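Written below as structure tokens is the structure these notes are about.
Since the structure is predicted, the reported quantities are computational estimates derived from the model, not experimental observations.
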Amino acid sequence: MQTVKLNNGIEMPILGYGVFQVSPEECERCVLDAISTGYRLIDTAQAYYNEEGVGNAVAKCGVPRSELFLTTKVWITNAGEEKATASIEESLRKLRTDYIDLLLIHQPFSDYPGTWRAMEKAVREGKVRAIGLSNFYPDRFVDMAEYAEIKPAVNQLKTNIFSQQWEAEAEMRPYGTHIMAWGPLAQGSEDLQNNPILTALAGKYNKTVQQIALRYLVQRNIIAIPKSTRIERMKQNLDIFDFCLSAEDMEKIRTLDKPADFHWSHRDPELVKFLLNYDKQFNPNNK
């Protein structure tokens, strides 16, 4: 597995397995399949409500904990130094581990400076190896990065061939912060499957359009966490290290970048309201 070196010197797999919208009931099975296939980076979050499934798989998989890289995220309702500290302990318990490899602030709302202080403390205590952000646009990212004692190791953003995040990448570079792509396969969009540039490149390299899309991110040194509940697709997503896109083909894919959709922007007040009330709607413990 190819790795990237984070700004604190830690090596992180560049391709991992994400469990967003994997139900708690099937998460353990999916993560066991992913690990058996060769994935070593597993990405979850408090708001996915499946940390226990990840933890159960880690305990059963037979792979030494030191060879796995676990990422989770602090949710909005756990924001602030005191609540975040308690939630980190809860995530450690659910993940059945003594340490988290990468811990992120999931959304740029509520008392996220307090959350960051709790995360920095967790690093100093040896409970977390690296910390970062998720969904922080360039303005809020720079505000946090300038304020932080420990600079963010990654910023997890919606990043794929249609949302390439060039502006964000430029703002993050001075801090040594890597993009970590969620939705790297455009969340199953038909535009991905049917795009003529991608289908032509898939034929040229004897790969699928999904493999071309993931290879594009990897060649930009972007960490990606595709999700699938099918082991065949997990294997396919991992099979991207035996070819290389030419510089000319990389430029062809760059032309597919689109303007951001404001209605899915973290600057859209309606999306902010939705996220602030997410836990009330989707937390299975509330039902």
Side-chain angles (χ1 to χ4, degrees), residues 1-2 4 12-58 61 63 68-73 75 91 94-95 100-104 106-107 132 134-135 154-165 178-193 198 207-218 220 222-241 264 275 278 282-284:
M1 171 59 67
Q2 183 179 328
V4 297
M12 177 179 182
I14 199 167
L15 191 66
Y17 178 67
V19 298
F20 176 56
Q21 292 183 332
V22 176
S23 70
E25 295 74 25
E26 65 175 349
C27 184
E28 180 181 329
R29 188 269 302 171
C30 288
V31 174
L32 282 170
D33 283 349
I35 293 172
S36 72
T37 299
Y39 291 89
R40 293 297 177 261
L41 162 61
I42 307 296
D43 178 273
T44 184
Q46 294 171 357
Y48 298 169
Y49 311 114
N50 57 18
E51 287 177 312
E52 294 99 328
V54 173
N56 291 341
V58 167
C61 69
V63 175
L68 299 172
F69 196 102
L70 301 183
T71 299
T72 193
K73 312 173 193 77
W75 186 244
S91 287
K94 290 179 177 179
L95 291 168
I100 295 163
D101 294 280
L102 177 64
L103 182 65
L104 309 179
H106 204 154
Q107 304 287 351
S134 178
N135 298 305
V154 309
N155 186 14
Q156 191 174 114
L157 299 168
K158 180 181 180 180
T159 310
N160 53 62
I161 58 166
F162 304 125
S163 177
Q164 297 186 21
Q165 301 290 359
H178 282 273
I179 292 179
M180 187 174 178
W182 67 261
L185 295 175
Q187 299 172 293
S189 167
E190 289 186 8
D191 291 342
L192 179 75
Q193 187 65 42
L198 295 178
K207 292 288 182 178
T208 66
V209 293
Q210 290 85 357
Q211 288 169 324
I212 297 295
L214 289 173
R215 183 68 205 179
Y216 177 74
L217 297 178
V218 165
R220 285 183 55 197
I222 291 173
I223 303 155
I225 45 169
K227 180 211 104 176
S228 177
T229 57
R230 295 164 46 205
I231 193 168
E232 298 81 10
R233 184 59 60 83
M234 294 178 194
K235 292 177 180 178
Q236 185 184 90
N237 290 340
L238 200 60
D239 185 23
I240 62 168
F241 296 101
W264 291 102
L275 292 172
Y278 182 90
F282 296 103
N283 185 347

Give the table of side-chain donor-acceptor pairs shorter than 3.5 Å for residues 30-41, with sequence neighbours excluded, one pair per line with atom names and distance.
{"residue": "D33", "atom": "OD2", "partner": "R29", "partner atom": "NH1", "Å": "3.2"}
{"residue": "S36", "atom": "OG", "partner": "L32", "partner atom": "O", "Å": "3.3"}
{"residue": "S36", "atom": "OG", "partner": "D33", "partner atom": "O", "Å": "2.7"}
{"residue": "T37", "atom": "OG1", "partner": "D33", "partner atom": "O", "Å": "2.7"}
{"residue": "Y39", "atom": "OH", "partner": "M234", "partner atom": "O", "Å": "2.6"}
{"residue": "R40", "atom": "NH1", "partner": "I35", "partner atom": "O", "Å": "2.9"}

Heavy-atom check, side chain of [X] versus side chain of [Y], under 4.5 Å:
X    : Y    : answer
Q46  : S91  : yes
H106 : N135 : yes
T159 : L217 : yes

As an exercise, state the distance from [atom1] of [X] to [atom2] of [Y], rounded to the nearest 0.5 Å.
X    : Y    : atom1 : atom2 : value
E28  : N56  : CD    : CG    : 4.5 Å
M180 : L104 : CE    : CG    : 6.5 Å
F69  : M12  : CZ    : CE    : 4.5 Å
Q165 : I179 : CD    : CD1   : 6.0 Å
L185 : N160 : CG    : CG    : 8.0 Å
I14  : M1   : CD1   : CE    : 9.0 Å

Which atom pair, heavy atoms only, marks the closest approach of [X] to [Y]?
X    : Y    : answer
V154 : L102 : CG2-CD2, 3.8 Å
Y216 : I161 : CD2-CG2, 4.1 Å
F241 : L238 : CD1-O, 3.5 Å
L68  : D101 : O-OD2, 3.4 Å
L15  : P226 : CD1-CD, 3.7 Å
R233 : S228 : CB-OG, 3.3 Å

Residues Q210, Q193; criterion side chain to side chain contact (heavy atoms under 4.5 Å, CB included); working and verdict: CA-CA 8 Å; Q210 290 85 357; Q193 187 65 42; 2.9 Å; yes
Residue list, salt bridge (Lys or Arg N to Asp or Glu O under 4.0 Å) with K73, at least two apart or on another chain: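 Only D43 meet the salt bridge (Lys or Arg N to Asp or Glu O under 4.0 Å) criterion with K73.
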Set out, in order, the CA-CA distance, both residues' side-chain angles and the distance that settles side chain to side chain contact (heavy atoms under 4.5 Å, CB included) for V58 and L95, then state yes or no. CA-CA 8 Å; V58 167; L95 291 168; over 6 Å; no
Could you go through R215 and K207, starting from their C-alpha distance and side-chain angles, then the distance that decides it, and tell me whether this counts as side chain to side chain contact (heavy atoms under 4.5 Å, CB included)? CA-CA 10 Å; R215 183 68 205 179; K207 292 288 182 178; over 6 Å; no
Between Q211 (side chain) and Q236 (backbone), is there a donor-acceptor pair under 3.5 Å?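 Yes, because the side chain of Q211 sits within donor-acceptor range (under 3.5 Å) of the backbone of Q236.
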Please check if the side chain of N155 supplies one atom and the backbone of G132 the other of a donor-acceptor pair under 3.5 Å.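 It does not hold such a pair.
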Between T44 and E51, does any side-chain donor sit less than 3.5 Å from a side-chain acceptor?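 No.
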Stepwise, does the side chain to side chain contact (heavy atoms under 4.5 Å, CB included) test hold for I225 with Q156? CA-CA 10 Å; I225 45 169; Q156 191 174 114; 3.9 Å; yes
How are the rings of Y48 and F20 set relative to one another: parallel (under 30°), tilted (30 to 60°) or perpendicular (over 60°)? tilted
